[in-house]
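All remarks here apply to the structure that follows.
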There are 2 protein chains.
Amino acid sequence: MESLIQERVMKIRQFNRFYTNIIGLINQNILESPYSLAEARILLEINNAATCTASSLVEILQIDPGYLSRILRRFKKDGLIEAVRSMTDGRSQILNITEKGRATFRQLSDASSSQLVGLLEQLPQGAQQILVHNMAAIQYMLSDKADTSITIRRHQSGDTGYIAYRHGVLYEKEYGLDHRFEKYVLQSLIAYLEDPSKGEIWIAECCGIIVGFIGIVEINKRTAQLRWFLIEPEFRGGGLGRKLVETVMEYCQQKYYNHVFLWTFKGLDAARHLYQSFGFNLTEEKENDTWNNQLIEQRWDVMLNAD
Amino acid sequence: MESLIQERVMKIRQFNRFYTNIIGLINQNILESPYSLAEARILLEINNAATCTASSLVEILQIDPGYLSRILRRFKKDGLIEAVRSMTDGRSQILNITEKGRATFRQLSDASSSQLVGLLEQLPQGAQQILVHNMAAIQYMLSDKADTSITIRRHQSGDTGYIAYRHGVLYEKEYGLDHRFEKYVLQSLIAYLEDPSKGEIWIAECCGIIVGFIGIVEINKRTAQLRWFLIEPEFRGGGLGRKLVETVMEYCQQKYYNHVFLWTFKGLDAARHLYQSFGFNLTEEKENDTWNNQLIEQRWDVMLNAD
DNA sequence: GCATATAGTTGACTTTGTCAATTATATTGT
DNA sequence: ACAATATAATTGACAAAGTCAACTATATGC
């Protein structure tokens with residue numbers, strides 16, 4: 001566990017070194033201009049901000065006030081900005097960009113844009129989109145307002161396909177199951193879609209990505225089968241499984257099912273503990289003869305008290 | 001089209017500003033140490049490289065030779081590195097990190113690691129993984145050795161689920177189709193999985209991400225139906241559709257199918273042109289009565305010459 | 001073996017950034 | 001009302017970071 005986070009840290013640091021170079025590359029043309037990186041950054045801020053004072057720049061850009069003062073003096077001398085004393089506070093002065101300043105800013109901006117366009121054009125359209133999307137995801141996750149909690153929602157279009165997709169990929173990797181298992185999962189999902197009112201699917205999402213799911217289908221008025229329970233490997237061991245089973249069991253109570261069962265494979269210790277803690281008992285074991293003879297299937301049942 | 005790339009450039013620049021701050025945050029503790037960022041970077045390079053000379057550092061780190069020389073002098077004085085004249089080239093000297101240098105490096109490294117651990121620990125395990133994964137993807141796509149070409153492969157476990165998933169999501173968004181359509185797609189996929197030898201699925205991937213697919217199923221010895229043809233919106237208009245249809249048509253020739261047909265929806269002009277260019281003719285039109293009465297379904301057929 | 005190239009160093013310099021002191025205005029508590 | 005304190009912006013003095021050209025020593029090509 002400790003080495004897992006160390007590995008991630010290593011990868012992030014590697015990315016940081018890599019991306020520092022990329023940023024350096026993109027900023028190169030600014031370094032070739034008569035303005036420094038800091039100056040360009042200041043001009044950008046003055047250009048974009050509605051109202052801007054030296055002290056607000058100090059705060060936003062974490063820059064030394066003295067240093068800033070001199071840069072602003074140069075900007076004024078060059079006619080890029082104008083400073084007018086604030087009406088409400090005689091100490092501070094509002095910084096406004098001039099037409100010339102705007103032009104200069106645009107020039108700097110265009111130069112670094114064309115650098116970026118060059119970088120993007122080496123990628124096909126779709127890959128560009130993926131790149132930008134990945135950046136947005138990183139930005140979101142590292143921003144303080146990121147909601148990295150796991151949310152659970154009901155079924156939406158495409159979910160059944162996604163469930164089959166992840167079952168296919170993960171059960172092949174973990175148990176060597178092939179297309180026959182894939183077909184079996186698809187069939188079970190069709191049974192649900194025949195009459196969605198006779199069942200439900202819950203999808204757990206984190207940062208817009210599906211990280212786990214669970215479902216229930218009615219077998220008869222009092223009996224329901226728990227199905228399609230899967231947590232993405234990276235999200236296991238964090239209590240998400242318990243949360244999903246809880247959600248299902250509550251639903252069953254509401255629907256007055258007094259008997260719930262499920263089929264699983266032998267050997268999943270974490271899952272066994274989870275089922276046991278909800279009162280499930282092992283009721284049947286059989287060798288799997290269609291997908292993989294090594295696998296032992298287990299049936300677990302629980303009776304719910306009417307209360 | 002032009003504004004699309006401009007928008008991406010804007011987003012990347014925003015990410016760059018954001019990430020520059022993140023990197024600054026992580027490097028903060030190095031700035032608090034008696035070594036500068038550049039010095040830490042140099043020490044890292046000497047520590048990691050098998051053999052290292054001043055000139056190799058100049059090239060890797062793009063640093064001024066004079067500046068580097070002085071930094072190395074200080075490192076030698078502090079006992080962090082040792083320089084021995086190269087056997088093979090009397091001009092250059094091999095830089096070796098000493099035990100003390102390694103300790104110093106580890107200290108700097110640990111400090112910035114702990115900063116990163118703090119950042120990571122605000123995220124759940126799985127989200128950490130997603131973050132690192134996104135970074136790796138960016139790094140891969142922007143590196144010169146990135147293969148951003150689109151590759152086409154055959155069916156693997158999970159693909160049918162993925163096909164259903166994307167159909168469900170995109171056909172709901174684009175045509176408002178609901179779970180009944182989702183079920184229809186699943187059913188068609190099951191028919192394929194019943195006997196995978198009577199059909200085939202091709203998956204187009206870019207940078208490890210599925211960006212489109214197509215399939216074929218045998219109807220009888222001489223007739224096959226083209227199915228599950230979908231290109232992710234961002235990857236449309238780049239010739240991928242043609243490439244996929246081509247792949248299918250070649251397969252049909254090999255299998256001696258002389259008649260291929262498909263069902264599609266009216267109004268997809270790009271698709272119509274594509275089908276026509278492969279010799280397909282519109283043979284049937286009917287209102288769709290199960291999913292959406294607004295939609296007109298079309299059947300297209302083509303006879304292949306035996307050659 | 002001479003011209004040229006490369007590895008590394010040094011001196012002189014510019015740019016970039018920091019820190020404390022200073023002036024002018026604003027705010028707060030009594 | 002006004003003294004104490006806080007904030008906005010500037011300035012001088014300085015330190016750190018980085019650049020450039022000149023220089024020494026060794027290597028390489030013709």
Side-chain angles (χ1 to χ4, degrees), chain A residues 20-21 23-24 27-43 45-46 49 51-78 80-96 108, chain B residues 20-21 23-24 27-43 45-46 49 51-78 80-96 108:
Chain A
T20 301
N21 283 338
I23 290 174
N27 289 336
Q28 201 165 356
N29 44 61
I30 291 177
L31 293 173
E32 283 161 9
S33 80
Y35 296 97
S36 75
L37 224 68
E39 287 167 333
R41 190 78 183 72
I42 291 164
L43 200 57
E45 210 59 50
I46 298 173
T51 55
C52 187
T53 63
S55 55
S56 74
L57 288 174
V58 164
E59 204 183 333
I60 294 167
L61 302 175
Q62 304 277 41
I63 198 174
D64 180 80
Y67 186 28
L68 176 66
S69 178
R70 271 178 266 261
I71 291 173
L72 292 178
R73 184 167 58 198
R74 184 174 160 216
F75 280 178
K76 285 174 207 158
K77 205 194 76 195
D78 291 0
L80 305 185
I81 61 167
E82 279 170 347
V84 288
R85 201 146 284 278
S86 165
M87 306 283 200
T88 57
D89 188 335
R91 293 168 304 176
S92 56
Q93 39 194 296
I94 311 295
L95 303 171
N96 290 313
L108 290 172
Chain B
T20 301
N21 283 339
I23 289 174
N27 289 335
Q28 201 164 355
N29 43 60
I30 291 178
L31 293 172
E32 284 161 10
S33 80
Y35 297 96
S36 75
L37 224 68
E39 287 166 334
R41 191 77 183 75
I42 290 164
L43 201 56
E45 210 57 52
I46 298 173
T51 54
C52 188
T53 63
S55 56
S56 74
L57 288 175
V58 165
E59 204 182 334
I60 294 167
L61 302 176
Q62 303 277 41
I63 197 174
D64 180 80
Y67 186 28
L68 177 65
S69 178
R70 273 179 265 258
I71 291 174
L72 292 179
R73 183 166 60 198
R74 186 176 158 212
F75 280 178
K76 285 174 207 160
K77 205 193 75 194
D78 291 0
L80 305 185
I81 61 168
E82 279 170 347
V84 288
R85 201 146 285 277
S86 165
M87 307 284 199
T88 57
D89 189 335
R91 292 168 304 176
S92 56
Q93 38 195 295
I94 311 296
L95 303 172
N96 290 312
L108 289 171

Separation of atom CG in B:L31 from atom C1' in C:dG17, rounded to whole Å:
12 Å
Rounding to 0.5 Å, atoms OG (A:S36) and CD1 (A:I42) come to a distance of 7.0 Å
Of the nucleotides C:dT16, C:dG17, D:dA8, which has the atom closest to the A:S92 side chain?
D:dA8
Atom CD of B:E39 and atom P of D:dA16: how far apart are they, to the nearest Å?
11 Å
Distance criterion of 3.5 Å, no angle test: do you see the side chain of B:R70 paired donor-to-acceptor with the base of C:dG8?
no
Summarise how protein sits on nucleotides 21-30 of chain D as a single string, 5' to 3': B when a protein heavy atom is under 4.0 Å from the base, S for sugar-phosphate-only contact, - for no contact.
-----BS---
Specify the separation, in whole Å, of atom CG of B:N27 and atom P of D:dA17.
14 Å
Looking only at heavy atoms, the pair that brings A:Y35 and A:R74 closest together is CE2-NH2, 3.8 Å
How close or far is atom C1' of D:dA17 from atom OH of A:Y67, stated in whole angstroms?
11 Å
Tell me the interatomic distance from A:F75, atom CZ, to D:dT10, atom P, rounded to whole angstroms.
13 Å
Give a yes or no answer on whether the side chain of B:D78 reaches the backbone of B:L80 with a donor-acceptor pair at less than 3.5 Å.
no
Without decimals, in angstroms, what is the distance between B:R41 CZ and D:dA17 P?
17 Å
Want to settle it: does A:L68 or B:A54 sit nearer the 5' end of DNA chain C, counting the closest nucleotide to each?
B:A54
d(CG, B:L95; P, C:dA7) in whole Å
13 Å
B:V58 and B:P65: which non-hydrogen atoms are nearest, and at how many Å?
CG2-CA, 3.9 Å
Taking OP1 and OP2 of D:dT10, is either one under 4.0 Å from a side-chain nitrogen or oxygen of A:K76?
yes
Does a nitrogen or oxygen in the side chain of A:S55 sit under 4.0 Å from OP1 or OP2 of D:dA9?
yes
I need the A:I63 CD1 to A:I71 CD1 distance, nearest 0.5 Å.
4.5 Å
Whole-Å distance between D:dT19 P and B:L61 CG?
13 Å
A:E59 CD to A:T53 OG1 distance, which is reported to the nearest 0.5 Å:
9.0 Å
For C:dT9 and B:S69 - does any side-chain N or O of the residue sit under 4.0 Å from the phosphate oxygens OP1/OP2?
yes
Quick check for you: to the nearest 0.5 Å, what is the distance between A:T20 atom OG1 and B:I23 atom CD1?
3.5 Å
